[in-house]
Amino acid sequence: MPMSKKELQKQWAEKEAQIQNIIKNRDWNALFAMDENLDFSCALDQMLWSSVTEIEDGNFDISNLNHTQRVLFLVMALENATQADALPNFFEDFASYGREAVQALQEVGAFQCAEALNAVVDTMPDGIYPKGDEEFWDSIMSGKNSDIWDKADSVLCDYIDGRLSDLCRTYAEAHRDMLQAG
């Protein structure tokens, strides 16, 4: 017998409360005990955001994260940007992290995503997204670089290497000690 709407709402509220408790208390054991990789990634993403600082022009600084945390954070930020909207949104917030994001995708095993993102980063001057450059924006929206950006957006959206939440969970499990450090 299917659950009623009230039962589903209650179950969702309990899950949300559990996730918020994990985040608030930075409860690594409870985080790693979570059954669903998507819930795990959502909670981990929010835990890592607490160490990220906003700098000028709406960009963010992730230097307070260690290597393992940075890898996971960048992969999850890419996933969030491409699933919610489009790849340029990632670079609007993380203009100088393109090459590091490519390496992060490689580390978690998303090799086709990394290859597509690398082609995107190669379109940028010195590998850095030129925020506010209308000519560059036109080139990625409808100009000479639009096919490269569209392909990368599609590769990331379509989970061509597998669900990124699954890859992140596997990576986090393998690097749990480093993830918890810091």
Side-chain angles (χ1 to χ4, degrees), residues 1-52 54 60 62 64-94 97-98 100-117 120 150-182:
M1 173 185 228
M3 277 194 229
S4 71
K5 185 176 178 181
K6 274 190 169 184
E7 289 170 326
L8 284 171
Q9 289 173 329
K10 180 182 177 196
Q11 191 176 48
W12 175 253
E14 289 170 355
K15 180 187 267 190
E16 184 61 28
Q18 175 194 19
I19 290 171
Q20 291 306 314
N21 192 46
I22 289 169
I23 295 163
K24 178 183 165 200
N25 297 316
R26 295 187 68 83
D27 186 343
W28 295 102
N29 290 328
L31 176 71
F32 279 95
M34 296 181 90
D35 291 334
E36 296 182 33
N37 292 345
L38 185 57
D39 293 340
F40 174 89
S41 289
C42 289
L44 177 59
D45 183 52
Q46 290 182 49
M47 289 170 76
L48 295 177
W49 265 105
S50 68
S51 297
V52 173
E54 187 170 356
F60 293 93
I62 63 171
N64 290 330
L65 300 173
N66 68 34
H67 177 76
T68 299
Q69 294 167 342
R70 288 168 75 116
V71 165
L72 290 164
F73 182 83
L74 287 169
V75 171
M76 290 184 291
L78 274 166
E79 179 178 25
N80 292 340
T82 57
Q83 294 301 321
D85 196 14
L87 188 55
N89 285 0
F90 171 79
F91 290 106
E92 285 293 324
D93 292 336
F94 303 101
Y97 291 103
E100 190 173 348
V102 169
Q103 293 170 344
L105 287 167
Q106 290 170 337
E107 279 197 48
V108 300
F111 299 107
Q112 293 176 77
C113 290
E115 182 180 328
L117 186 64
V120 161
D150 289 346
K151 178 183 177 187
D153 210 15
S154 178
V155 166
L156 286 158
C157 280
D158 293 343
Y159 296 118
I160 200 160
D161 292 305
R163 294 195 63 80
L164 293 177
S165 58
D166 296 343
L167 295 172
C168 284
R169 177 69 180 260
T170 300
Y171 182 86
E173 294 280 355
H175 299 87
R176 182 173 176 167
D177 291 343
M178 287 305 300
L179 178 58
Q180 291 175 213

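Counting begins at 1 with the first residue of the sequence. FYI, side chains are in, hydrogens and waters are out, and symmetry mates aren't considered; it's all heavy atoms of this structure.
A distance below 6.0 Å separates the ring centres of Phe73 and Phe94.
Within the 4.5 Å cutoff, no side-chain heavy atoms of Asp166 are placed close to those of Tyr159. A 4.5 Å side-chain heavy-atom check between Arg26 and Gln180 finds every atom pair outside the cut-off. Residues Thr170 and Val108 fail the side-chain proximity criterion, which asks for heavy atoms closer than 4.5 Å. Side chains of Glu173 and Arg169 form a contact here, defined as non-hydrogen atoms less than 4.5 Å apart. The side-chain heavy atoms of Asn21 and Asp27, taken from C-beta on, include no pair separated by under 4.5 Å. Two residues are said to be in side-chain contact when any heavy atoms from C-beta on lie closer than 4.5 Å; Phe32 and Leu179 meet this criterion. The side-chain heavy atoms of Leu167 and Val75, taken from C-beta on, include no pair separated by under 4.5 Å. Residues Asn37 and Arg163 fail the side-chain proximity criterion, which asks for heavy atoms closer than 4.5 Å.
For the atom pair CD1 (Ile22) and CG (Asp39), the distance works out to 8.5 Å, reported to the nearest 0.5 Å. Rounding to the nearest 0.5 Å gives a distance of 10.5 Å between CD1 of Ile23 and CG of Leu48. Atoms CD and CD, from Gln9 and Glu7 in turn, are 11.0 Å apart once rounded to the nearest 0.5 Å.
Without hydrogens or angle criteria, Asp161 side chain to Cys113 main chain gives a donor-acceptor distance under 3.5 Å. A donor-acceptor pair is defined here as one N or O able to donate and one able to accept, closer than 3.5 Å; no such pair exists between the side chain of Asp45 and the backbone of Ser41. Asp153 contributes a side-chain N or O that, together with a main-chain N or O of Leu87, makes up a donor-acceptor pair within less than 3.5 Å. Although no hydrogens or angles enter the test, the distance criterion places a donor-acceptor pair under 3.5 Å between the side chain of Asn66 and the main chain of Thr68.
Heavy-atom minimum distance, Gln83 versus Leu156: NE2-O, 3.6 Å. The heavy-atom pair separating Leu31 from Ala43 by the smallest distance is CD1-CB, 3.6 Å. Across all non-hydrogen atoms, the minimal contact from Arg70 to Leu65 is CD-O, 3.3 Å. The minimum heavy-atom distance between Cys168 and Met76, with the atom names listed, is SG-CG, 4.0 Å. Of all the heavy atoms in Arg176 and Trp28, the pair that sits closest is NH2-O, 3.7 Å. Closest approach of Gly98 to Leu117, counting heavy atoms only: O-CD2, 4.3 Å.
Remark: Gln106 CD is packed, more than 12 non-hydrogen atoms of other residues, nucleotides or ligands lying under 6.0 Å away.
With no hydrogens or angles considered, no side-chain donor-acceptor pair links Glu107 and His175 at under 3.5 Å.
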